[in-house]
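Below: one structure, written as structure tokens.
Start at 1 and go down the list; that is how both ligands and their atoms are numbered. Excluded from the calculations below are hydrogen atoms, water molecules and symmetry mates; all remaining heavy atoms, backbone and side chain alike, are included. The model shown is predicted, which means the values in this text are computed figures rather than measured ones.
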Amino acid sequence: MEIALNPALPPLIIGGGLSGCEAALQLAARGIASEIWEQRPTFGTEAHVSEGLAELVCSNSFKSEDPVRAQGLLKLELDQLGCRLLQIARECRLPGGAALVLDREQFSAKVTDAIEASPLITLKRERFENLQAELATGRLVILATGPLTSDGLWQQLSELLGDGGCYFYDATSPVISTKGINRDIVFSQSRYDKGGGDDYLNCPFEKEEYEAFRAALLAGEVYPINAADKYLLFEGCLPIEELANRGEGTMRHGCLKPKGLVDPRTGRMPYAAVQLRWEDAFQSAMSLVGFQTRLRFGEQDRIFGMIPGLEKVKIMRYGRMHRNSYVEAPKVMLPTLQVREHPNLLITGQLTGLEGYMSAISTGLLAGINASKLLAGEVATVPPEKSCLGAMILFMVNPGHKAYRPTAFQYGMLKWLPEKIRRDRKAELIRTEAEAAWELLESLVGR
Ligand SMILES: Cc1cc2nc3c(=O)[nH]c(=O)nc-3n(C[C@H](O)[C@H](O)[C@H](O)COP(=O)(O)OP(=O)(O)OC[C@H]3O[C@@H](n4cnc5c(N)ncnc54)[C@H](O)[C@@H]3O)c2cc1C
């Protein structure tokens with residue numbers, strides 16, 4: 001039986017991650033008080049390491065700001081919609097070429113401050129595990145607990161939705177101290193000299209070094225996964241040992257690609273190169289780009305120490321692997337982010353199966369907007385299909401998926417964009433078409 005929404009109760013947001021914080025700030029921007037529950041620091045997850053809200057668990061990149069790229073176009077649209085976390089991210093920017101790379105600690109601290117300083121947001125540092133009872137009160141609930149949703153809540157959600165949900169295995173990359181990087185070998189350069197010259201450091205491999213490194217990865221000892229699970233991986237973010245396993249050239253055509261780089265010692269392109277990206281404004285730490293891993297910690301010290309120039313470097317934060325849960329959105333969700341059978345429940349963030357930091361922020365924004373509409377007695381809206389947000393959401397609920405897999409926003413989702421324009425990335429044309437769609441978004445903003 002459908003329970004009537006009780007607008008007198010302040011909406012409850014479960015999870016103080018990227019999507020939950022954006023949703024709370026959007027509600028506050030519309031003058032609506034909300035309550036947000038975050039389980040940390042009392043209960044942690046396998047990936048979060050701090051107490052801060054909106055913690056970035058792996059890479060510190062929000063990807064491209066170049067409007068010719070799908071992720072850049074999405075950012076322009078989110079700016080139109082008044083996205084709060086994107087504004088904060090820009091205040092925490094680190095050098096990163098065309099990508100929006102940020103100081104993760106500063107970002108998390110600023111988002112936490114914004115939530116704590118808002119008179120309209122009540123932050124509770126508690127684990128929430130009473131979903132069915134809360135929905136029975138008629139309260140509007142935004143579920144934003146992400147891919148590492150606590151077991152008890154995941155169990156309740158699965159029962160409520162009547163299926164076991166979906167999952168895949170995902171990993172984080174190690175972060176290293178910059179002390180000990182051998183600058184006689186490691187050189188500064190952005191690929192194709194995009195962005196500032198010092199935005200990235202590169203560790204160049206000769207062919208024999210690369211082969212030895214790959215052999216070590218293939219023989220490296222890894223942590224086991226849950227005995228009852230299949231080892232399902234997300235193709236967009238494969239562990240480095242899995243890439244090594246797929247063939248000799250897979251790494252050097254992927255995250256170790258040397259194209260656009262010239263080693264100053266030899267004057268030529270290296271055989272392969274590991275890129276290092278800044279982690280903080282003090283330049284004390286860097287992450288290994290694309291090095292998600294489930295190698296045992298001791299093996300990470302040994303094998304990543306084989307990377308030319310990193311022989312004496314210490315790992316400050318090891319890469320780790322986790323089970324990553326999401327709902328089968330095409331079956332259970334509406335394009336307004338409401339759950340079909342329980343329209344007072346909105347699901348947002350990575351739990352929807354839309355992958356990546358920017359998707360989490362985008363859906364958090366939409367959840368905030370739609371929650372405010374529902375509380376005002378209005379119909380929740382579906383973003384226009386020509387907009388990036390609309391394309392993403394329509395992908396999410398499309399019943400035609402053979403198997404629903406986590407996917408980040410990409411041009412392929414903009415079905416209205418002629419194939420040729422998509423392929424050639426005609427910046428002006430894409431921009432003109434997209435801007436026409438943004439006009440339609442005005443109705444969505446409703447501020
Ligand atoms: C290991 C890993 C690495 C990733 N790496 C990247 C990457 O490099 N780039 C990228 O773009 N995306 C990455 N992602 C995907 C995704 O973008 C992030 O997980 C993103 O943080 C998702 O945002 P979210 O708001 O959905 O969830 P989160 O940001 O994870 O926030 C969910 C919050 O809910 C809290 N919570 C959980 N259960 C409860 C409960 N019962 N009660 C109260 N609070 C609870 C958690 O503590 C957490 O703070 C990664 C995901 C994982 C798991």
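- Take E129 and apply the side chain to side chain contact (heavy atoms under 4.5 Å, CB included) test, not counting sequence neighbours, and it matches R127, S150, Q156.
- The residue from N370, L374, V397, I369 that alone fulfils the side-chain contact (heavy atoms from CB on, under 4.5 Å) condition with T336 is N370.
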Quick one: ligand 1 N/O to protein N/O pairs below 3.5 Å?
| residue | atom | partner | partner atom | Å |
| --- | --- | --- | --- | --- |
| ligand 1 | 8 (O) | S59 | N | 3.1 |
| ligand 1 | 11 (O) | Y357 | N | 2.8 |
| ligand 1 | 17 (O) | G356 | O | 3.3 |
| ligand 1 | 17 (O) | Y357 | N | 3.0 |
| ligand 1 | 25 (O) | L18 | N | 3.3 |
| ligand 1 | 25 (O) | S19 | N | 2.9 |
| ligand 1 | 25 (O) | S19 | OG | 2.8 |
| ligand 1 | 26 (O) | Q350 | N | 2.8 |
| ligand 1 | 29 (O) | L18 | N | 3.4 |
| ligand 1 | 38 (N) | S150 | N | 3.3 |
| ligand 1 | 41 (N) | F128 | O | 2.9 |
| ligand 1 | 41 (N) | S150 | OG | 2.9 |
| ligand 1 | 42 (N) | F128 | N | 2.9 |
| ligand 1 | 44 (N) | Q39 | N | 3.2 |
| ligand 1 | 47 (O) | E38 | OE2 | 2.7 |
| ligand 1 | 47 (O) | Q39 | NE2 | 3.1 |
| ligand 1 | 47 (O) | R40 | NE | 3.3 |
| ligand 1 | 49 (O) | E38 | OE1 | 2.6 |
| ligand 1 | 49 (O) | E38 | OE2 | 3.2 |
| ligand 1 | 49 (O) | R40 | NE | 3.3 |
| ligand 1 | 49 (O) | R40 | NH2 | 2.9 |

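- Within a 6.0 Å radius of CD in E105, other residues, nucleotides and ligands contribute 12 heavy atoms or fewer.
- Residues meeting the ring pair (Phe, Tyr, Trp, His ring centres under 6.0 Å) test with H253, sequence neighbours left out: none.
- A salt bridge is defined here as a Lys NZ or Arg NE, NH1 or NH2 lying under 4.0 Å from an Asp or Glu carboxylate O, and E355 with K63 fails to meet this definition.
- In this structure, the side chain to side chain contact (heavy atoms under 4.5 Å, CB included) partners of K124, at least two apart in sequence or on a different chain, are E35, W37, E126.
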